[in-house]
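A short worksheet on the structure shown next.
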Protein chains: 2
Amino acid sequence: MSSPSGRLTKSLEDYLEAIAVLHERDGKATVTTLSEAAGVKKPSVDWAVRKLSDAGLVTHERYGDIHLTDEGAHLADEVCRRHKALLSFLTGILMVDTETAEVDACRMEHALSRESMHRLESYISFVMKCYPGRSDWEDIFNRYLQYGVDQRGILPDLDSGASPDGEGRE
Amino acid sequence: MSSPSGRLTKSLEDYLEAIAVLHERDGKATVTTLSEAAGVKKPSVDWAVRKLSDAGLVTHERYGDIHLTDEGAHLADEVCRRHKALLSFLTGILMVDTETAEVDACRMEHALSRESMHRLESYISFVMKCYPGRSDWEDIFNRYLQYGVDQRGILPDLDSGASPDGEGRE
DNA sequence: TACGGTTGTTAGAGCAATCTAACACCTTGT
DNA sequence: ACAAGGTGTTAGATTGCTCTAACAACCGTA
């Protein structure tokens with residue numbers, strides 16, 4: 001076991017999310033598309049679908065499409081919300097590039113407790129509102145990434161050599 | 001497979017970290033203390049130690065204590081650094097309570113890529129330096145958690161009923 | 001030095017999640 | 001209507017990690 005949401009393992013939560021995303025994208029999910037989306041072979045999908053079906057989150061009759069039950073859709077929404085929040089934290093605040101953020105968000109969505117997730121969501125909207133321009137924020141943090149900042153305030157000393165992060169913005 | 005650090009599985013990374021913590025705490029690690037620290041039975045520890053030993057990260061002769069090799073110690077330091085960073089983010093910025101933060105940090109340390117981790121560390125020191133008083137920052141975010149903030153700036157409207165997070169500060 | 005209790009190890013089972021190989025079913029073009 | 005190719009399923013193996021039950025080694029005390 002198990003992610004902080006309790007109920008499902010990380011793996012099954014990922015399958016559920018992928019099913020929701022596929023439904024969003026092309027109105028249905030099949031074993032093949034799901035297998036491609038999840039990067040696993042079909043028998044693995046079959047196994048997962050059976051599990052999700054046993055848990056009452058998905059319906060699937062032999063050779064048919066895969067559909068979310070109300071409960072499954074609800075749970076999938078939860079997971080997607082987490083995912084989006086983490087993505088926007090990684091790209092919007094930490095300024096991580098989109099592909100890396102996507103991968104990391106996928107892993108993090110199973111790591112955070114309900115409480116921390118809640119706080120993170122609040123924090124994101126807090127920062128967004130404190131820097132409504134966004135570009136200001138990006139500039140400030142990027143300058144910090146490149147040049148560091150002195151003890152006295154937000155604006156970095158552009159002549160100081162100390163760099164807390166060698167990479168800067170990709 | 002595998003955490004973003006590559007090399008080890010999440011589980012083995014956790015064991016390695018626990019060994020380092022035990023060495024820190026009481027100068028050595030044994031199967032029993034490790035088993036208690038990790039919350040697993042002794043045969044599981046034995047299995048893990050064998051794996052870590054095979055990987056050259058730990059030395060362990062029959063019925064003896066468990067010691068980190070140089071390589072193991074180095075890797076453990078890495079993991080501990082991640083852990084501490086995540087902990088300080090959760091408690092110091094998101095204001096999550098210590099126990100929850102401890103659990104979440106343990107899970108997150110396997111989820112973040114090297115790049116994101118790096119950014120997060122920079123971000124933490126950035127925020128710390130931007131709010132050198134700390135208490136200011138705590139106040140501001142806590143007020144936001146309780147009362148919300150309006151679109152115009154940092155200071156919340158204390159009379160507005162809108163609350164983005166019901167819990168407030170424990 | 002022998003005994004009892006703690007500590008460590010071994011053997012073997014079990015579960016989650018994945019795979020390959022082989023098979024069953026469906027659909028579509030000719 | 002039937003062969004072909006794609007799609008879905010089954011069987012069975014494998015890996016990582018955990019457990020219980022039983023056994024072996026170590027150590028303090030009498």
Side-chain angles (χ1 to χ4, degrees), chain A residues 1-19 22-23 25-67 75 79 106-107 109-111, chain B residues 1-19 22-23 25-55 57-67 79 106-107 109-111:
Chain A
M1 239 217 300
S2 97
S3 83
S5 339
R7 193 85 216 237
L8 293 178
T9 62
K10 299 170 205 294
S11 171
L12 289 177
E13 234 173 56
D14 282 338
Y15 280 112
L16 196 68
E17 189 187 1
I19 292 167
L22 286 174
H23 257 97
R25 198 190 66 184
D26 36 48
K28 64 174 186 170
T30 67
V31 171
T32 300
T33 56
L34 187 44
S35 138
E36 283 157 0
V40 298
K41 301 297 177 183
K42 290 173 191 174
S44 306
V45 169
D46 200 65
W47 169 87
V49 169
R50 194 173 310 277
K51 285 280 172 183
L52 290 173
S53 168
D54 289 351
L57 301 170
V58 134
T59 59
H60 180 226
E61 46 209 50
R62 275 170 77 85
Y63 301 100
D65 293 344
I66 301 152
H67 293 284
L75 226 167
V79 179
C106 247
R107 284 199 278 239
E109 60 195 25
H110 310 295
Chain B
M1 239 220 300
S2 92
S3 83
S5 341
R7 190 85 214 241
L8 294 177
T9 62
K10 298 170 207 290
S11 172
L12 289 177
E13 235 173 55
D14 282 338
Y15 280 111
L16 197 68
E17 188 186 2
I19 292 169
L22 287 174
H23 258 97
R25 198 190 66 183
D26 37 47
K28 63 175 187 170
T30 68
V31 171
T32 300
T33 55
L34 187 44
S35 137
E36 283 157 359
V40 299
K41 301 297 178 182
K42 291 173 190 174
S44 305
V45 169
D46 200 66
W47 170 89
V49 169
R50 195 173 308 278
K51 284 280 173 187
L52 291 172
S53 169
D54 288 352
L57 301 171
V58 135
T59 61
H60 181 227
E61 44 208 52
R62 276 170 76 86
Y63 301 102
D65 293 346
I66 300 153
H67 294 284
V79 179
C106 247
R107 284 198 278 239
E109 60 195 21
H110 309 295

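The distance from the CG atom of A/Leu12 to the CH2 atom of A/Trp47 is 4.5 Å, given to the nearest 0.5 Å. Atom CG of residue A/Leu57 and atom CZ of residue A/Arg7 lie 5.0 Å apart, to the nearest 0.5 angstrom. Atom CD of residue A/Glu109 and atom CD of residue A/Glu17 lie 4.0 Å apart, to the nearest 0.5 angstrom. We find the CG-CD1 distance between B/Asp14 and B/Ile19 to be 11.0 Å, quoted to the nearest 0.5 Å. Rounded to the nearest 0.5 angstrom, B/Ser53 OG and B/Ile66 CD1 are separated by 10.0 Å.
Distance, A/Asp46 CG to C/dT20 P: 15 Å, rounded to whole Å. Rounded to an integer number of Å, the gap from B/Asp14 CG to D/dC17 P is 10 Å. For the pair A/Lys10 NZ and C/dC15 P, the computed distance is 20 Å after rounding to whole Å. A/Trp47 places its CH2 atom 16 Å from the P atom of D/dT10, with the value rounded to the nearest Å. To the nearest angstrom, C1' of C/dA17 lies 14 Å from CG of A/Leu8. In this structure, CD of B/Glu61 is placed 13 Å from P of C/dG8, rounded to the nearest angstrom. If you take NE2 of A/His60 and C1' of D/dT10, they are 14 Å apart, rounded to a whole angstrom. The NZ atom of A/Lys41 sits 15 Å away from the C1' atom of D/dG6 (whole-angstrom rounding).
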- Classify every nucleotide of nucleotides 21-29 of chain D by which part a protein heavy atom approaches to under 4.0 Å, writing B for the base, S for the sugar-phosphate alone and - for neither, in 5'-to-3' order. B---S----
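Listed candidates were D/dT18, C/dA16, C/dT9. Nearest to the side chain of B/Val40 is D/dT18.
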- Message: Could you go through B/Asp46 and B/Arg50, starting from their C-alpha distance and side-chain angles, then the distance that decides it, and tell me whether this counts as salt bridge (charged side-chain N to carboxylate O under 4.0 Å, His left out)?
- Response: CA-CA 6 Å; B/Asp46 200 66; B/Arg50 195 173 308 278; 2.9 Å; yes
- Message: Using side chain to side chain contact (heavy atoms under 4.5 Å, CB included), reason through A/His67 and A/His23 one step at a time and then give a plain yes or no.
- Response: CA-CA 8 Å; A/His67 293 284; A/His23 257 97; 3.3 Å; yes
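Among the protein residues, A/Ser11 comes within range of the sugar-phosphate backbone only, with heavy atoms under 4.0 Å from sugar or phosphate atoms but none that close to a base. Using a 4.0 Å heavy-atom distance criterion, B/Thr32 is classed as a sugar-phosphate-only contact.
Applying the side-chain contact (heavy atoms from CB on, under 4.5 Å) test between A/Glu36 and each of A/Val40, A/Thr32, A/Leu34 identifies A/Thr32 as the sole match.
Between D/dC17 and B/Thr9, a contact under 4.0 Å exists linking OP1 or OP2 to a side-chain N or O. Residue A/Ser44 places none of its side-chain N or O atoms closer than 4.0 Å to OP1 or OP2 of C/dA17.
Proximity of residues 49-58 of chain A to DNA chain D (heavy atom under 4.0 angstrom from any strand atom) is restricted to A/Arg50.
At a threshold of 4.5 Å between non-hydrogen side-chain atoms, the residues A/Val31 and A/Val49 do not count as touching.
Each of A/Lys42 and B/Thr30 has a nearest nucleotide on DNA chain C; the 5'-most of these lies closest to B/Thr30.
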